There are 2 protein chains.
Amino acid sequence: MTTQLKNAIKVKQRSKKKDGARGKRGIDLQMVLRERIAKQEIAPGGKLREQELSTEFGVPRALVREVFCALEQRGLIERIPNRGAVVVRLDLSQVFEIYDLREVLEGLCARLATQNSSPESWQDMVDMFEGPMEEYVKRGDYESFLAGYGVFRRRLIEAAANPVLAGMLDSIYEKTQAIIRRIIILPGRAEHGLSEHRAVLAAMRRGDPEEAERLRRTNMRSGKDYLKRYQNFVLFGVSSQLRLLAMIRADVFG
Amino acid sequence: MTTQLKNAIKVKQRSKKKDGARGKRGIDLQMVLRERIAKQEIAPGGKLREQELSTEFGVPRALVREVFCALEQRGLIERIPNRGAVVVRLDLSQVFEIYDLREVLEGLCARLATQNSSPESWQDMVDMFEGPMEEYVKRGDYESFLAGYGVFRRRLIEAAANPVLAGMLDSIYEKTQAIIRRIIILPGRAEHGLSEHRAVLAAMRRGDPEEAERLRRTNMRSGKDYLKRYQNFVLFGVSSQLRLLAMIRADVFG
DNA sequence: GAAGACAATGTTGTCAACAATAAAACGTTT
DNA sequence: AAACGTTTTATTGTTGACAACATTGTCTTC
């Protein structure tokens, strides 16, 4: 019976190095596909063929299949019986539903983050939103703005220290990423968002969790309102850019 | 090219009947396993062998594998490289994390449900919580109480009409189900819960979404507080029943 | 008698071939 | 020329065998 104990020890020692190495390829493939879907490199409704991906990435078809299973659970693709996998097409109502969810989840995230960390630790974020981010908005450099926002968001999630919450936020954020890129170019949205983020950060900087949650929620809700207002232009994309410009003029000058 | 059109029409006609029939076996297996895990028929840390399930249910091993993938995504099992799948073991901190989530999600659910339905439609629930449920609590019939609560909860989710929210609530509820069965037997918890549910229902009955959300959140939070108070007894189960009884006496008479 | 190497066993991961299905193309009939 | 049934093709779903791996038990050595 001593051998058993000994073996158990050996296992403990070995179990660490391999932990991360496993499904590596599978995770890689999943990440690539999630990115492609988020950036709409594969259009909504587009097909994903098993063999195609299998050969492209040099992984067994069974692995592609598993990745499909994971993506299906995340709600990014839909698998129909003998027809294969297609990227899900978000309709308007679903987007609003997701915004309702983001409202409460991001709110909770802000509250937890404020509770779990010292007020001073947010100073660098305050600085970022005072300086660089303001520049990005003025210049219309939305990519940099989004990148900065991404950093802020990840800091919040990390500080909240709630893995399940983190998973949920990830899974719905990637669904709306395509939409966000269209909202942010709307007239005044970036400026509005900037000041809202500053308000949230101010509450966090002074260590007020409840207020941070409340402000984050109104932030999300205003994003939803923007979407509601300009929904036609956001959803039907490039074809309506001209009409959008006309509407902006009417909105600003009218 | 007319043939193409014709075929397309044929497809539309046929596509309905088969939609639900597909992954039926897979979904079946998934449901069975989720139930077993929720009811702790498979203990936390227990192994799930692919071949074993494959033969037991008469399904191909690949299907078992897919189900495992889905369960892993839901966070019910964990798959380690070449060792197989084990039921995840919830530690205390995770349970509290999940309660934070339930607080905001069930709150949102109550708000949406109130917004989307007429106040009168909740009358039957009010009646249930006034009459039968009170009886169950008095008799200590916790199974019936839980069943009634389950009905209420499903009505809320259905009325909220937000599929993504529904999915999230399901996925975290089944994780806590085992815990809930231990909380409800705590001194005074069922009575407390009953009056809180009544308060939520009253707000819904008079069509006040914000108040319904607020009350539902305090309801969840009080559940969390109960858990925090009696955590030692809840987590370590039967072995501490005697100590629990002693504590109840101290709590009630002391 | 304990420590380490080594083979034995069972389980998962991978792969390739086959069957089932659905969409499309084709040909026939009216 | 349109409607219908049949065949063809492409793709997924399934099956079984095999390889890789981890764990356990045994054996040798000190």
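None of the values given here were measured: they were computed from a predicted structure. Every chain is numbered from 1 and lettered A, B, ... according to where its sequence line falls, protein lines coming before strand lines.
With sequence neighbours excluded, the residues satisfying side-chain hydrogen bond (donor to acceptor under 3.5 Å, both in side chains) with B:E52 are B:R49.
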Show me the side-chain donor-acceptor pairs of residues 33-41 of chain B shorter than 3.5 Å, one per line, residues at least two apart or across chains.
from, atom 1, to, atom 2, distance (Å)
B:R34, NE, B:E174, OE1, 3.0
B:R34, NH2, B:E174, OE1, 3.3
B:R36, NH2, B:E56, OE2, 2.8

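Nearest to the side-chain atoms of B:R65 among the listed nucleotides D:dG13, C:dC15, C:dT14 stands C:dT14. Distances were taken from every side-chain heavy atom of B:R61 (C-beta onward) to each of D:dA22, C:dT14, D:dT14; the shortest belongs to C:dT14. Of the candidate nucleotides D:dG13, C:dG13, D:dT15, C:dG13 has the atom nearest to the side chain of B:N82. Nearest to the side-chain atoms of B:R83 among the listed nucleotides C:dG13, D:dG13, D:dT23 stands D:dT23.
A:A62 comes within contact range of no nucleotide atom at all, as no heavy-atom separation falls under 4.0 Å.
Going from atom CD of B:Q51 over to atom C1' of C:dT9 covers 13 Å, rounded to whole Å. In this structure, A:E66 atom CD and D:dT12 atom C1' are separated by 16 Å, rounded to whole Å. Nucleotide C:dT12 holds its P atom 14 Å from the CD atom of B:E72, rounded to whole Å. For B:I80 and D:dA20, the CD1 to P distance is 22 Å, given to the nearest whole Å. Rounding to whole angstrom units, CZ of residue B:R49 and P of D:dA22 are separated by 18 Å. In this entry the distance linking CG of B:L63 with P of D:dT12 reads 17 Å, nearest Å. Atom NZ in A:K47 sits about 8 Å away from atom C1' in C:dA23, given to the nearest Å. In this structure, B:F68 places its CZ atom 12 Å from P of C:dT11, rounding to the nearest Å.
Scanning all heavy atoms of the two residues, the minimum distance from B:G75 to B:V88 falls at O-CG2, 3.3 Å.
Taking the ring axis of B:Y173 as reference, the NZ or CZ atom of B:R153 stays within 45° of it and closer than 6.0 Å to the ring centre.
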